[in-house]
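Below is one structure, written out as structure tokens; the observations come after it.
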Number of protein chains: 2
Amino acid sequence: MTEKKEKILESALELFANQGYTSTATSKIAREAGVSEGLIFRHFGNKAGLLRAIMEEGNRRLRELIAPVLAETDPAAVVQKTIEMPFGVPESEYDFWRLQFKLKWDEEYYNPDNIKPLTEKLVWAFTALNFEDPEMEAQLLVQYNDTIGVDMIRGVIRDRPAFKSFLLKKYEL
Amino acid sequence: MTEKKEKILESALELFANQGYTSTATSKIAREAGVSEGLIFRHFGNKAGLLRAIMEEGNRRLRELIAPVLAETDPAAVVQKTIEMPFGVPESEYDFWRLQFKLKWDEEYYNPDNIKPLTEKLVWAFTALNFEDPEMEAQLLVQYNDTIGVDMIRGVIRDRPAFKSFLLKKYEL
DNA sequence: GTCTATAGGCCGATAGAC
DNA sequence: GTCTATCGGCCTATAGAC
């Protein structure tokens, strides 16, 4: 990965996240990245290819975020780490995740398989913890985490530490 | 409201919801609605005006959905009705709500004030029910509802009645 | 008064040639 | 790294049908 190529991805990410994909011109991306417009097409073929590259990066980061939970062997810790997950995302990455969430609403880019391993791990954990309905608990928590992620990015949640402990307490952790 | 005008709104809604606002051409809307393209501009001024009209309808429907909860005087019933809310939305309206969720990501169209009355009502209810932290409970439930709305639209939730009772049980209702 | 058909101006974006 | 061909989308305008 060359430096210029990385700069293109970075600029595209910021612009796509804030102005939307279609309303961001490749010329604007090039200007922002300090490269010639042609270079974008050399590296990514077309504008859609650029978006695709960003999506792949998104899936990679999601797997990275989930990995520690999957590696966990203590059921209670699985639930706890899942809840804490969105709170651990640094603000510097919000642009990135905002774009990912946005793209989830475009059918062609939505891939539900990405979080399947997490759901399965949670089912296992809730079963081990003797919850009455592990499948539903797992589903609720996974989807709920999504919502929390959204709200964090939007800045809806004011007192984050308090909200986190509130949640942990709900699961008696 | 003439018939053609209504047909335009209908087609625009479907296309915006499924293909996105910017990537939907006014010519396509006209074709889908079986009207001349010029008519769109006669009725709505421009493309943004068309979207605005749809959004206004959205806020109206949201208020309609929330109204019964606000009218409720029994605290437990407030919580119960809130939980049941998303389950009562007919599938025929999913396009509509999908668009609303999608547009939440465009700052200019997102208006958080819409659900504020609901949150406040829930704070009141949870206080009356002696929950330890009414503000956070209210916030949590509102977010749950968002999550569930999203899941229903995506078709993630398979057994809806079961999931509904699962949630109600969580609040001991 | 609502609507269609058509024609076209304007703009900006993609893509690729050089 | 610039320049340009080409295309598509937004919107206006007009003349006239129902």
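A, B, ... follow the sequence lines: proteins, then strands. Residue 1 opens every chain.
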task = Please determine if B/Lys102 forms a cation-pi arrangement with B/Phe16, meaning its NZ or CZ atom is less than 6.0 Å from the six-membered ring centre and no more than 45° off the ring axis.
result = no

ask   = Is it true that A/Asp146 and A/Lys104 make a salt bridge, defined as a side-chain N closer than 4.0 Å to a carboxylate O?
value = yes

key: NZ/NE/NH1/NH2 to OD/OE distance under 4.0 Å, A/Lys170 and B/Glu132   = no

query = Taking DNA chain C as the partner, which of residues 1-14 of chain B come within under 4.0 angstrom of it by heavy atom?
reply =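 DNA chain C contact set from residues 1-14 of chain B: B/Thr2, B/Lys4.
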
ask   = Which of residues 50-58 of chain B sit near DNA chain C, with a heavy atom under 4.0 Å from it?
value = none

key: Length of the CG-P vector between B/Leu39 and C/dT6, whole Å   = 16 Å

key: For atom CG of A/Leu15 and atom P of C/dA13, their distance in whole Å   =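 To the nearest whole Å, that distance equals 12 Å.
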
query = A/Asn145 side chain to A/Thr82 main-chain N or O, any donor-acceptor pair under 3.5 Å?
reply = yes

Atom pair OH/CD of B/Tyr171 and B/Gln80 - distance to nearest 0.5 Å = 13.5 Å

request  = Would you mind listing every side chain to side chain donor-acceptor pair (under 3.5 Å) that reaches into residues 31-41 of chain A, with sequence neighbours excluded?
outcome  =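 Residue pairs passing side chain to side chain donor-acceptor pair (under 3.5 Å), neighbours aside: A/Thr26-A/Glu37.
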
request  = Look at all strands and tell whether B/Gly34 reaches a base, only sugar-phosphate, or nothing, counting heavy atoms closer than 4.0 Å.
outcome  =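 Counting heavy atoms under 4.0 Å across all strands, the contact made by B/Gly34 is with sugar-phosphate only.
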
Validation row: B/Val150, A/Thr147 side chains within 4.5 angstrom (heavy atoms) =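 No; the side chains remain at least 4.5 Å from each other.
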
ask   = Side chains of A/Leu70 and A/Glu120: does their closest heavy-atom pair fall under 4.5 Å?
value = no

request  = Sort and list the pairs that fulfil salt bridge (charged side-chain N to carboxylate O under 4.0 Å, His left out) and have at least one residue in residues 83-97 of chain B, not counting sequence neighbours.
outcome  = B/Arg61-B/Glu93, B/Asp95-B/Arg98

query = Can you check whether B/His43 has a side-chain N or O nearer than 4.0 Å to OP1 or OP2 of C/dT2?
reply =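 No.
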
key: Set of salt bridge (Lys or Arg N to Asp or Glu O under 4.0 Å) partners for A/Glu14, sequence neighbours left out   = none

remark   = Protein heavy-atom contacts under 4.0 Å, written 5' to 3' over nucleotides 8-18 of chain D as B (base), S (sugar-phosphate only) or - (none), form the string -SSBB------

